[in-house]
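Throughout, a chain's letter reflects where its sequence line sits, starting with A, and its residues are numbered from 1.
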Number of protein chains: 2
Amino acid sequence: MPKSTFYNLSNEKKERIFDAALQEFSIRTFSQASVNQIIKNAGIPKGSFYQYFNNKEDLYLYVIEVASKEKIELFNHVKGMDPDADVFEVITHTTREFLERGKVKPGYVEAAMLMEMDNSEITMKIRKSSTEKFVKMVERDKERGLIKPEVDSELVINMISTFSLHEYYRNGADKERYLKNLDDAIKIIKEGIAVCKD
Amino acid sequence: MPKSTFYNLSNEKKERIFDAALQEFSIRTFSQASVNQIIKNAGIPKGSFYQYFNNKEDLYLYVIEVASKEKIELFNHVKGMDPDADVFEVITHTTREFLERGKVKPGYVEAAMLMEMDNSEITMKIRKSSTEKFVKMVERDKERGLIKPEVDSELVINMISTFSLHEYYRNGADKERYLKNLDDAIKIIKEGIAVCKD
DNA sequence: TCATCACATGACCACCTGGTCACAAATAGA
DNA sequence: TCTATTTGTGACCAGGTGGTCATGTGATGA
């Protein structure tokens with residue numbers, strides 16, 4: 001965790017540092033990300049950086065923590081959502097909200113996606129906590145008779161999130177195409193592609 | 001491409017270098033992989049390395065090329081395969097063959113997976129050529145009346161391959177669990193998870 | 001006014017990176 | 001045997017990395 005000196009900083013400076021870090025972590029993975037680049041973007045001397053953070057990982061974890069808290073917050077406050085909506089509707093709706101947030105905060109979505117790629121213990125934990133809400137919704141939909149009871153709820157969510165991640169990555173700037181493919185994929189998972197035999 | 005000096009090398013030495021590279025690229029992405037580490041593992045001096053290859057990328061592309069050729073070869077010669085099998089059966093069968101190959105050649109599967117992560121132009125191209133066979137099989141299954149004609153064939157294959165990749169990564173050494181999850185995912189894609197309304 | 005203390009700063013460090021190059025050794029041809 | 005050409009070799013280079021630290025600065029309180 002950051003040192004007390006960091007928290008004592010003005011909000012403006014804190015934000016400047018955070019944004020610079022977010023930007024760097026949105027284009028490079030942890031090991032590739034450069035502290036020198038971050039301090040240059042933030043406009044602070046190197047010495048100051050190490051007065052605020054113990055090391056690069058310290059900053060990384062901080063960024064992850066803040067960003068994922070925001071993400072979870074976002075997931076919990078999906079506006080204008082029908083309370084009776086099924087998992088699929090909630091996921092597509094949330095994804096759209098998520099992308100909107102990225103328009104305001106540059107690097108926001110990209111960093112979150114890159115972190116998903118990362119398979120370190122911390123990110124695994126965070127990933128788990130952010131997906132469990134959806135897993136529970138699958139369970140609920142099973143009880144409501146919308147989803148076959150024998151399917152593995154976590155597997156379903158994993159399928160959607162891994163696809164979502166990759167698709168976002170591959171389509172880059174073309175958000176519309178990404179959303180369309182995600183919708184299609186979800187539809188497939190929901191209904192399958194096999195011709196009905198009944 | 002490697003220089004002529006490399007191809008003039010004895011098979012033993014060529015293989016030693018290739019294996020060392022494969023090992024390195026199986027645990028680190030291109031940018032993280034270290035030439036120094038590779039030459040140390042291969043037991044050749046630095047000067048020699050640059051007499052064989054123009055640079056790190058040159059070696060990387062060579063490894064990709066050889067490995068992907070092997071992979072495609074493997075995909076085209078699935079032994080003991082029912083010619084009437086549908087895409088799903090072929091995919092699961094091929095995946096198993098692929099994992100078997102990894103048991104003989106250490107780092108083989110891992111490197112292939114890491115390259116899938118890589119979104120550079122070359123790997124994109126290779127990925128496309130290795131998936132198109134499966135895409136065509138989906139099309140064939142559509143004609144056979146096994147798959148709904150309106151679904152996007154490429155999307156289906158993408159869904160499976162991205163999930164496969166991630167699942168392999170997350171489950172690490174537990175190949176059995178990986179294969180089970182892959183089977184389950186494919187079943188979901190095939191049949192869907194929604195309760196039938198008809 | 002002086003001492004204390006938190007913070008600011010950038011030169012500096014050891015280390016590692018991909019890549020070069022002058023030279024040594026070997027090989028081949030005459 | 002002499003020459004020409006190819007191949008082997010590791011010291012070396014510039015540049016980047018994460019991280020340190022002595023010193024400077026400015027505020028606070030006595």
Side-chain angles (χ1 to χ4, degrees), chain A residues 1-64 111 114-115 118 120 122, chain B residues 1-64 111 114-115 118 120 122:
Chain A
M1 44 180 279
K3 300 179 182 176
S4 60
T5 47
F6 175 74
Y7 291 107
N8 291 339
L9 255 38
S10 70
N11 284 339
E12 186 273 327
K13 199 165 186 178
K14 265 188 287 193
E15 201 161 330
R16 222 169 61 219
I17 295 171
F18 179 84
D19 287 349
L22 192 66
Q23 193 193 328
E24 181 69 5
F25 289 130
S26 72
I27 54 173
R28 278 180 256 277
T29 58
F30 172 72
S31 62
Q32 290 172 315
S34 160
V35 173
N36 290 323
Q37 200 51 241
I38 293 171
I39 61 170
K40 205 196 282 177
N41 288 340
I44 59 167
K46 192 139 189 190
S48 294
F49 179 88
Y50 284 96
Q51 209 119 40
Y52 306 148
F53 303 95
N54 292 302
N55 48 42
K56 185 164 79 160
E57 193 188 10
D58 196 17
L59 169 66
Y60 184 63
L61 296 184
Y62 173 71
V63 171
I64 285 188
L114 257 186
M115 284 164 192
D118 189 5
S120 64
I122 334 106
Chain B
M1 44 179 277
K3 300 179 183 176
S4 60
T5 47
F6 174 73
Y7 291 108
N8 291 338
L9 256 35
S10 70
N11 284 338
E12 186 273 327
K13 200 165 185 177
K14 265 188 287 194
E15 201 161 331
R16 223 170 59 219
I17 294 171
F18 180 84
D19 287 349
L22 193 66
Q23 194 192 328
E24 182 69 5
F25 289 131
S26 73
I27 54 173
R28 277 180 257 277
T29 58
F30 172 72
S31 62
Q32 291 172 314
S34 161
V35 173
N36 291 323
Q37 200 51 241
I38 292 172
I39 62 169
K40 204 196 282 177
N41 289 340
I44 59 167
K46 193 139 188 190
S48 295
F49 178 87
Y50 285 96
Q51 210 118 37
Y52 306 148
F53 302 94
N54 293 302
N55 47 42
K56 185 165 80 160
E57 192 187 12
D58 197 17
L59 168 66
Y60 184 63
L61 295 184
Y62 173 71
V63 171
I64 285 188
L114 258 186
M115 284 164 191
D118 189 5
S120 64
I122 334 106

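Proximity of A/Asp58 to A/Pro2: side-chain heavy atoms (C-beta onward) are separated by under 4.5 Å at one or more points. Looking at heavy atoms from C-beta onward, B/Phe25 lies in side-chain contact with B/Leu59 at the 4.5 angstrom threshold. Using a 4.5 Å heavy-atom threshold, the side chains of A/Ile17 and A/Leu9 count as touching. The side-chain heavy atoms of A/Lys56 and A/Ile38, taken from C-beta on, include no pair separated by under 4.5 Å.
Contact annotation: A/Lys13 reaches the phosphate of C/dA8 (side-chain N/O to OP1 or OP2, under 4.0 Å). In this structure, A/Tyr52 reaches the C/dA8 phosphate: one of its side-chain N or O atoms is under 4.0 Å from OP1 or OP2. The side chain of B/Ser48 contributes no N or O atom lying less than 4.0 Å from OP1 or OP2 of D/dG8. For D/dT17, the OP1/OP2 oxygens have a side-chain nitrogen or oxygen of A/Asn36 closer than 4.0 Å. Contact check, B/Tyr50 against C/dT20: no side-chain N or O comes under 4.0 Å of OP1 or OP2. Note on B/Asn8: a side-chain N or O is less than 4.0 Å away from OP1 or OP2 of D/dT7.
Per the geometry, NZ belonging to B/Lys40 stands 18 Å off P belonging to D/dT9, to the nearest Å. Here D/dG18 presents its P atom at 10 Å from CZ of A/Arg28, a figure rounded to the nearest Å. B/Gln37 places its CD atom 17 Å from the P atom of C/dC15, with the value rounded to the nearest Å. The NZ atom of B/Lys56 sits 8 Å away from the P atom of C/dG19 (whole-angstrom rounding). C/dG18 atom P lies 13 Å from atom CD of A/Gln32, rounded to whole Å. Nucleotide C/dA8 holds its C1' atom 13 Å from the NZ atom of A/Lys3, rounded to whole Å. Between B/Leu59 atom CG and C/dT17 atom P the separation is 15 Å, expressed in whole Å. With rounding to whole Å, A/Gln51 atom CD is found 16 Å from D/dG24 atom P.
Comparing B/Ser4 and B/Gly47 by the nucleotide of DNA chain D that holds the closest heavy atom to each, the one mapping nearer the 5' end is B/Ser4. Nearest-nucleotide positions on DNA chain C for B/Asn54 and A/Phe49 put A/Phe49 closer to the 5' end. When each of B/Leu9 and A/Ser34 is assigned the nucleotide of DNA chain D with its nearest heavy atom, B/Leu9 is the one assigned upstream, toward the 5' end.
A donor-acceptor pair is defined here as one N or O able to donate and one able to accept, closer than 3.5 Å; such a pair exists between the side chain of B/Glu24 and the backbone of B/Ser34. For the pair A/Lys3 (side chain) and A/Tyr50 (backbone), a donor-acceptor distance under 3.5 Å is present.
Nearest to the side-chain atoms of A/Lys46 among the listed nucleotides C/dT9, C/dA11, D/dG8 stands C/dA11. Checking C/dA8, C/dC7, D/dG19 against the side-chain heavy atoms of A/Thr5 singles out C/dC7 as nearest.
A/Phe6 comes within contact range of no nucleotide atom at all, as no heavy-atom separation falls under 4.0 Å. Across all strands, B/Phe53 comes closer than 4.0 Å to no nucleic acid atom at all (heavy-atom distances).
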